[in-house]
Amino acid sequence: MSFTVCANSPSLFAIIDGNNFFVSCERVFNPSLNNKPVIVLSSNDGCAIARSNEAKALGIPMAAPLHSFSHLIKSHDVKILSCNFELYGDLSNRMMHILKTFTPDVEVYSIDEAFLNLSHLPAKDYTAFARSLYDTLLKCIGIPITIGMAQTKTLAKVANRIAKKHRMTNLILNTPEIINKALAATKIGDVWGIGRALEPKLKLHGIYTAYDMAQKDPRWARNKMTVAGERLVRELQGIACLPLNTEELDRQNIQVTRSFGVRLSEFDDIAEAISSHATRLGEQLRKRNLLTQTLSVFCKTSPFSKMSYYKGNGIVGFDAPTNDTRALIKGAIQALKQAYQAGHSFQSAGIHAMNLTKEGAVTQKQLFTETSHQKISLTKQQTQSKKLNQAIDAVNQRQGKNALFWASNGINPRYNVKQNQRSPRYTTKWDELLLVG
DNA sequence: TCTGGGGTCCTAGGACCC
DNA sequence: TCTGGGGTCCTAGGACCC
């Protein structure tokens with residue numbers, strides 16, 4: 001793998017992220033949650049995926065399963081919410097839109113984070129700019145943010161982390177003294193790019209903080225951690241290796257995975273879930289004008305169960321790349337037959353589309369396997385499928401998800417996830433608007 | 001009893017070719 | 001009996017992120 005240090009890279013990066021983002025989204029429409037411990041749960045109300053500062057102070061860890069802190073919920077009146085990604089996604093879009101009014105050089109990094117290039121600003125204006133960004137987002141969307149600024153993305157992440165810890169709205173690392181102090185105060189496991197597996201390995205080499213890592217020779221890091229290690233050391237040393245990616249790239253793969261509301265054993269029940277996942281997948285592919293050549297499907301038992309763990313996989317390929325829901329469902333069920341094994345208590349199932357291509361591009365396989373006559377008849381069929389899928393998408397867009405659905409998804413499906421505490425989708429559903437009495 | 005879901009990048013190793 | 005070496009492509013799996 002080739003390795004390059006970025007040429008013409010911004011001389012100052014900012015990372016902006018929404019504080020406890022999902023909790024903050026909920027608080028926008030429900031101020032009674034302010035100043036209280038609040039938790040947002042993962043799909044199926046499984047574990048904590050966002051915590052307010054008050055909930056963090058109670059010692060509820062990230063990704064902790066609900067049952068492991070149920071005693072705290074009662075004793076400290078912790079407010080519990082199911083996740084509402086439609087709401088979070090919409091507020092995220094609004095946040096990114098506002099950021100782009102400040103500068104066009106925005107990289108949307110995740111639902112709650114964006115990198116900005118601030119090189120165009122005079123040095124004396126950095127803090128005022130950050131303050132203005134904070135005030136605007138709080139006023140227009142109601143989401144508090146934290147801003148970290150430094151000469152590389154990795155250092156900006158360090159700045160952001162420290163700012164958050166000290167409840168500051170922004171922090172800039174702009175002198176060697178401040179940078180070294182910040183690095184020394186950052187545990188190696190808290191550095192962006194160092195995960196669970198690398199942390200203990202680095203400690204064996206006497207690296208406990210980001211400062212220790214920054215003292216290493218990049219060649220040493222490459223030897224121990226391959227190209228990512230070399231990049232990390234250089235970034236910590238202030239040499240930008242990660243560019244600002246302002247272009248939104250096409251997805252390389254799309255997956256739809258859900259755990260079931262209850263354990264399922266029968267093939268037909270799991271087939272209904274997979275059929276529903278294939279429907280969601282089709283919607284995603286069409287929204288992005290993508291086609292898939294290959295589908296893989298899995299079903300698995302719970303990894304936490306005392307019973308022996310089972311995961312089955314199945315894979316199907318299509319003659320021509322497709323995003324037609326009917327073809328996807330048919331292929332997915334075929335793949336599930338390979339993955340399924342009777343006698344297990346299944347906990348979740350998923351579908352994964354790979355080898356994605358842009359709609360309109362003809363593959364080499366099509367080019368050489370179809371006569372012109374076949375090509376014309378296929379095109380006609382594809383046109384009909386496209387119209388059908390478009391019509392269904394339009395109805396569901398207007399009338400709500402699943403207003404029209406495929407019978408194979410099940411009339412009263414047993415796979416439905418639990419979402420007992422979901423807030424209204426205030427900003428995207430007319431019948432769920434906030435009412436002021 | 002109860003433990004999420006959706007991504008990316010990188011490498012090693014096998015198959016295959018000349 | 002003696003049986004190369006270098007290249008590409010693909011896939012699985014591990015690591016990371018949010």
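The figures that follow rest on heavy atoms only: side chains count, while hydrogens, waters and symmetry mates do not. Sequence lines set the chain letters: A, B, ... in the order given, protein chains first and strands last, and positions in each chain run from 1.
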TODO: Verify the contact: side-chain N or O of Q284(A) to OP1 or OP2 of dG6(B), cut-off strictly under 4.0 Å; return yes or no.
DONE: no
- [ ] Examine dC18(C): is either OP1 or OP2 under 4.0 Å from a nitrogen or oxygen in the side chain of K157(A)? Give yes or no.
- [x] yes
Open item on the list: Please report the distance, rounded to the nearest Å, between NE2 in H71(A) and C1' in dC2(B).
Closed with: 15 Å
Task: Among dC18(C), dT3(B), dG5(B), the one nearest S43(A) by side-chain distance - done: dG5(B)
Task: Length of the line joining M225(A):CE and dA15(C):P, which is rounded to integer Å - done: 12 Å
Open item on the list: Whole angstroms only, please: what is the CZ-C1' distance between R196(A) and dC18(C)?
Closed with: 14 Å
Task: Ring geometry between W192(A) and F115(A) (parallel below 30°, tilted from 30 to 60°, perpendicular above 60°) - done: tilted
Open item on the list: Nearest to the V227(A) side chain among dT3(B), dT11(B), dA15(C), which nucleotide is it?
Closed with: dT11(B)
Task: Residue closer to the 5' end of DNA chain B, P65(A) versus Q252(A) (nearest nucleotide) - done: P65(A)
Task: Rounded distance in Å - CG (N313(A)) to P (dG13(C)) - done: 9 Å
Task: Rounded distance (Å) that lies between atom C1' of dC16(C) and atom CD of E199(A) - done: 14 Å
- [ ] Kindly assign one of parallel, tilted or perpendicular to the pair F346(A) and Y340(A), based on the angle between their ring planes and the thresholds 30° and 60°.
- [x] tilted
Task: Short side-chain N/O contact from Q347(A) to OP1 or OP2 of dC2(B), under 4.0 Å - done: no
Open item on the list: Looking at R258(A), I'd like to know whether one of its side-chain N or O atoms comes within less than 4.0 Å of OP1 or OP2 on dG6(B).
Closed with: yes
Open item on the list: Base, sugar-phosphate or nothing for V191(A)? Non-hydrogen atoms, less than 4.0 Å.
Closed with: sugar-phosphate
Open item on the list: OP1 or OP2 of dG6(B) versus the side-chain N and O atoms of T257(A): is any pair under 4.0 Å?
Closed with: yes
Open item on the list: Taking 4.0 Å as the cut-off, does a side-chain nitrogen or oxygen of T226(A) come that near to OP1 or OP2 on dC10(B)?
Closed with: no
Open item on the list: Would you say the rings of F129(A) and Y126(A) are close, in the sense that their centroids are separated by under 6.0 Å?
Closed with: no
TODO: Identify whether any heavy atom of L41(A) sits under 4.0 Å from a base atom; if not, whether one sits that close to sugar-phosphate; answer base, sugar-phosphate or nothing.
DONE: nothing
Task: Atom-to-atom span, CG of N44(A) to P of dG6(B) - whole angstrom - done: 12 Å
Task: Minimum-distance nucleotide (side-chain atoms of H67(A) versus dC18(C), dT8(B), dT3(B)) - done: dT3(B)
Task: Most 5' of K306(A) and I49(A) on DNA chain B, judged by nearest nucleotide - done: K306(A)
- [ ] Mind checking D112(A) for me? I need base, sugar-phosphate or nothing, with any heavy atom below 4.0 Å counting as a touch.
- [x] sugar-phosphate
Open item on the list: Below 30° counts as parallel, above 60° as perpendicular, anything between as tilted: where do the rings of Y426(A) and F29(A) land?
Closed with: parallel
Open item on the list: With a 4.0 Å cutoff (strictly under), does any side-chain N or O of R231(A) reach OP1 or OP2 of dC16(C)?
Closed with: no
TODO: Among the candidates dC2(B), dG6(B), dC10(B), find the nucleotide nearest to the side-chain atoms of R263(A).
DONE: dC2(B)
Task: Spacing between L66(A) atom CG and dG4(B) atom C1', to the nearest angstrom - done: 13 Å
Open item on the list: Please confirm whether the shortest side-chain N or O distance from N253(A) to OP1 or OP2 of dG6(B) is below 4.0 Å.
Closed with: no
Task: dC18(B): pairing nucleotide in any strand, Watson-Crick or G-U under 3.5 angstrom - done: dG5(C)
Open item on the list: Measuring from atom NE2 of H277(A) to atom CG of L336(A), what distance do you get when rounded to the nearest 0.5 angstrom?
Closed with: 10.0 Å
- [ ] Quickly work out the F115(A) CZ to dC17(C) P distance and round it to whole Å.
- [x] 12 Å
TODO: Assess whether atom NZ of K56(A) is packed by more than 12 heavy atoms of other residues, nucleotides or ligands within 6.0 Å.
DONE: yes
- [ ] Report the nucleotide, chosen from dC16(C), dC10(B), dT3(B), that has the shortest atom-to-atom distance to any side-chain atom of A197(A).
- [x] dC16(C)
Open item on the list: Here's one to test your reading of the geometry: is the NZ or CZ of K300(A) within 45 degrees of the ring axis of Y310(A) and under 6.0 Å from its centre?
Closed with: no
Open item on the list: When you measure from the side-chain N and O atoms of R251(A) to the phosphate of dG7(B), is any distance below 4.0 Å, counting only OP1 and OP2?
Closed with: yes
Task: Under-4.0 Å side-chain N/O to phosphate OP1/OP2 contact, S110(A) with dG7(B) - done: no
